[in-house]
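Inspection log for the structure reproduced underneath, given as structure tokens.
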Amino acid sequence: MSNAPAAKPQTAITPTRQDEFPEWYQQVIKASDMAENSEVRGCMVIKPWGYGIWENIQRQLDKMFKDTGHSNAYFPLLIPLSYLAKEAAHVEGFAKECAVVTHHRLEAVKQEDGSMKMIPTGELAEPYVIRPTSETIIGAAFARWVESYRDLPLLINQWANVMRWEMRPRIFLRTAEFLWQEGHTAHETKEEALAETAQMLTVYETFARDHLALPVITGEKSERERFPGAESTLCIEAMVQDRKAIQAGTSHFLGQNFSTASGIQFTGRSGAREHAWTTSWGVSTRLIGTLIMAHSDDDGLVLPPRVATQQIMILPVTPKEDSKQAVLDACDALARELRALTYAGEPIRAHVDRRDLPGGTRNWEWIKKGVPIRIEIGPRDLEKGSVAVSRRDKGLKEKEFIATADFVSKAAATLEEIQAGLLERATVFRDANMIRITDKAQFEAFFTPKNPDKPEIHGGFAVVDWAGSSDDEDELQKQLGVTIRCLPFGDEWKQPGTCFLTGQPSTQRVIFAKAY
RNA sequence: CGGGGCGUAGCUCAGCUUGGUAGAGCGCUUGCUUUGGGAGCAAGAAGUCGUCAGUUCGAAUCUGGCCGCCCCGACCA
């Protein structure tokens with residue numbers, strides 16, 4: 001007998017979240033088969049299980065955009081170099097991360113060793129930038145399209161890929177190429193544009209909460225975190241399980257900066273030429289990274305049902321050859337029945353995994369892939385007319401035997417229960433790690449890792465009274481690696497107080513945190 | 001772009017110090033046995049050892065150039 005401490009329970013993912021969060025994140029992606037790094041530096045291959053989540057996000061968000069009056073369009077991947085220079089702050093913000101296309105032809109040249117080498121020729125008179133975002137090229141289009149106040153508002157969205165040459169990529173969180181949507185709108189008045197900016201933030205907040213099960217804080221970015229070229233940047237900010245913040249979506253009020261730069265002018269009601277007021281807003285595949293870090297556990301991915309690629313996975317248990325066909329038929333019949341039902345306004349996504357694999361292996365695969373409900377059907381279930389139901393949000397060993405008809409009738413409700421449970425759990429976690437802090441010493445202690453070997457384990461969201469400057473914020477980032485995540489909306493955040501850093505009277509509470 | 005590390009089978013890596021013709025585990029394929037919880041046994045496929053050059057009778061191993069990747073900084077949805 002040894003006196004060694006009891007072995008940790010075995011988990012499907014190593015290391016655990018507690019041991020090494022960043023590595024855990026990578027392993028979850030690998031184990032769930034969502035995506036992989038590609039041979040192109042900084043770019044990812046999104047595999048079907050991951051892309052399915054993106055398709056669900058796209059479809060559901062797109063409906064919300066349409067419901068608020070927006071239309072989709074598509075603009076070029078390549079942006080004339082000169083366009084980017086039109087707005088001063090915008091150039092500065094993106095100049096350092098642009099991929100530039102300088103040639104339009106390749107010439108095959110035979111090498112001495114017989115191999116071919118492709119040499120770019122046909123240099124372009126004006127190089128193109130691969131869009132890091134499309135304000136400038138969409139601005140140029142808007143300038144053509146808008147003539148009269150009667151053309152406004154112009155409410156456009158684009159689903160696209162963009163490229164920002166990142167130094168340190170991380171799958172889904174920060175890749176050189178990523179998928180997103182970018183909304184671009186032009187309005188007659190400042191008030192309308194501001195209302196649009198606020199409205200789209202609410203759309204994002206609703207989507208994050210109801211579809212991704214992410215409780216987010218809505219607010220405004222501080223000056224130093226603002227989008228290059230924006231008058232104000234609104235955001236939804238989420239907390240993930242290492243208690244860091246992640247910006248999950250942004251909505252920008254661009255004032256007349258881009259309409260001036262791009263010449264988006266119209267004849268107003270009084271007959272005068274006026275510059276339009278514009279907005280832009282976006283969410284990206286980063287949402288998937290946020291989902292992973294917010295909900296998953298040491299056994300792999302945990303998916304909110306609404307965006308899960310598959311919601312119900314049916315696993316035939318076929319120990320005997322003579323009952324095999326009957327079991328498979330029953331599984332197919334159940335899948336058909338489930339797909340005819342709806343959950344959250346869409347057909348239930350149910351699939352039968354017919355692969356001939358050992359039961360345990362196959363079961364673990366779906367645990368790691370985070371499918372919300374697993375159903376097992378074997379010969380004994382057939383006799384009893386029941387199914388064995390396992391839920392990803394419950395213990396792995398928990399299995400409930402339910403009459404098939406009862407399961408079917410409750411399927412949508414069960415999915416909603418899982419969805420609500422994930423939101424509840426994430427909200428409790430977030431609230432438990434969002435702490436009111438009133439002095440500098442407390443603030444430093446909150447953000448100083450207790451274990452220097454694991455600097456990722458630190459405080460969370462610090463709620464402080466703030467009257468500091470951008471320089472003060474810079475200083476705190478240097479010292480502790482924290483930034484103002486946002487100046488949250490809501491009366492409870494607009495309390496008078498005393499700035500925790502400067503001691504000056506303050507009118508606003510802000511959230512400081514380490515961020516992705 | 002600074003500082004560190006690493007390129008050997010699909011993956012994780014051993015072998016390199018002391019040069020002698022390629023290894024393990026996992027995964028994959030096939031067969032048998034299994035199957036209500038991540039299976040067992042057996043057989044098999046799979047690598048111009050990142051690349052180019054040099055030293056040598058002989059290089060994964062020694063030397064140099066180049067390329068790529070990872071980690072830590074600066075930047076970032």
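Order of the sequence lines sets the chain letters (A, B, ...), proteins ahead of strands, with each chain counted from 1. No experiment lies behind these values; they were computed from the predicted model shown.
In this structure, A:Pro379 reaches the bases: a heavy-atom distance under 4.0 Å links it to at least one base atom across the strands shown. Using a 4.0 Å heavy-atom distance criterion, A:Lys324 is classed as making no nucleic acid contact. Residue-level contact check: A:Arg380 touches the bases, meaning some heavy atom is under 4.0 Å from a base atom. Within the nucleic acid shown, A:Lys30 comes within 4.0 Å of sugar-phosphate atoms alone, with no base atom in reach, counting heavy atoms only.
B:G7 is paired with B:C67 under the criterion used here, namely a Watson-Crick or G-U wobble arrangement in which both key atom distances are under 3.5 Å. Under the Watson-Crick or G-U wobble criterion, with both distances below 3.5 Å, B:U55 has no partner in any strand shown. In this structure, B:C28 forms a base pair with B:G44, meeting either the Watson-Crick or the G-U wobble geometry with both donor-acceptor distances under 3.5 Å. Across all strands shown, B:A22 forms no Watson-Crick or G-U wobble pair with both distances under 3.5 Å. Across all strands shown, B:U33 is found opposite B:A39 as a Watson-Crick or G-U wobble partner, with both distances under 3.5 Å. B:A14 is unpaired under the criterion used here, namely a Watson-Crick or G-U wobble arrangement in which both key atom distances are under 3.5 Å.
Comparing A:Val40 and A:Ser390 along RNA chain B, the residue whose closest nucleotide (by nearest heavy atom) sits nearer the 5' end is A:Ser390.
Between A:Arg355 and A:Asp353, at least one side-chain N (NZ, or NE/NH1/NH2) sits under 4.0 Å from a carboxylate O, which counts as a salt bridge. The pair A:Asp242-A:Lys514 does not count as a salt bridge, with every side-chain nitrogen at least 4.0 angstrom from each carboxylate oxygen. A salt bridge does not link A:Arg392 with A:Asp299: every distance from a Lys NZ or Arg NE/NH1/NH2 to an Asp or Glu carboxylate oxygen is 4.0 Å or more. Note on A:Asp62 versus A:Lys66: salt bridge recorded, some NZ/NE/NH1/NH2 to OD/OE distance being below 4.0 Å.
Within the 4.5 Å cutoff, the side chain of A:Cys486 has heavy atoms near those of the A:Ile217 side chain. A:Glu225 has its side chain within reach of A:Glu473: a pair of non-hydrogen atoms, C-beta onward, lies under 4.5 Å apart.
Atom CD1 of A:Ile13 and atom P of B:G38 are 17 Å apart (whole Å). Distance A:Glu23 CD to B:U12 P: 11 Å, rounded to the nearest Å.
Atom P of B:C11 sits at a distance of 29 Å from the matching atom of B:G64, rounded to the whole Å. As rounded to the nearest Å, B:G38 and B:G65 have C1' atoms that lie 48 Å from one another. Taking the C1' atom of each, B:C28 and B:G68 are spaced 27 Å apart, rounded to whole Å. Comparing B:U35 with B:C70, their C1' atoms sit 41 Å apart, to the nearest whole Å. As rounded to the nearest Å, B:A59 and B:C16 have C1' atoms that lie 10 Å from one another. For the P atom pair drawn from B:A9 and B:U48, the interatomic distance equals 9 Å after rounding to whole Å. On the C1' atoms, B:U29 is 7 Å away from B:A45, given to the nearest whole Å. Comparing B:G36 with B:C71, their C1' atoms sit 45 Å apart, to the nearest whole Å.
For A:Val317, the listed nucleotide lying nearest its side chain is B:G36; candidates were B:A39, B:G38, B:G36.
Between A:His252 and A:Phe227, the two ring planes are parallel [angle under 30°; tilted spans 30° to 60°]. By the 30° and 60° cut-offs, the orientation of the rings of A:Tyr204 relative to A:Phe65 is perpendicular.
Evaluation of the salt bridge (Lys or Arg N to Asp or Glu O under 4.0 Å) rule for A:Asp298 yields A:Arg17 as partners, not counting sequence neighbours.
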>> For nucleotides 70-77 of chain B, give me one character per nucleotide, 5' to 3': B if any protein heavy atom sits under 4.0 Å from the base, S if the only such contacts are to the sugar-phosphate, - if neither.
In response: S-SSBBBB
> What string of B, S and - do you get for nucleotides 25-33 of chain B 5' to 3' if you count protein non-hydrogen atoms under 4.0 Å?
Replying inline: ---------
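In this structure, A:Leu287 and A:Ala248 approach most closely via the heavy-atom pair CD2-O, 3.3 Å.
At a cut-off of 3.5 angstrom, the base of B:G36 holds at least one donor-acceptor pair with the side chain of A:Asp381.
Between the side chain of A:Gln60 and the backbone N or O of A:Arg306, at least one donor-acceptor pair lies under 3.5 Å.
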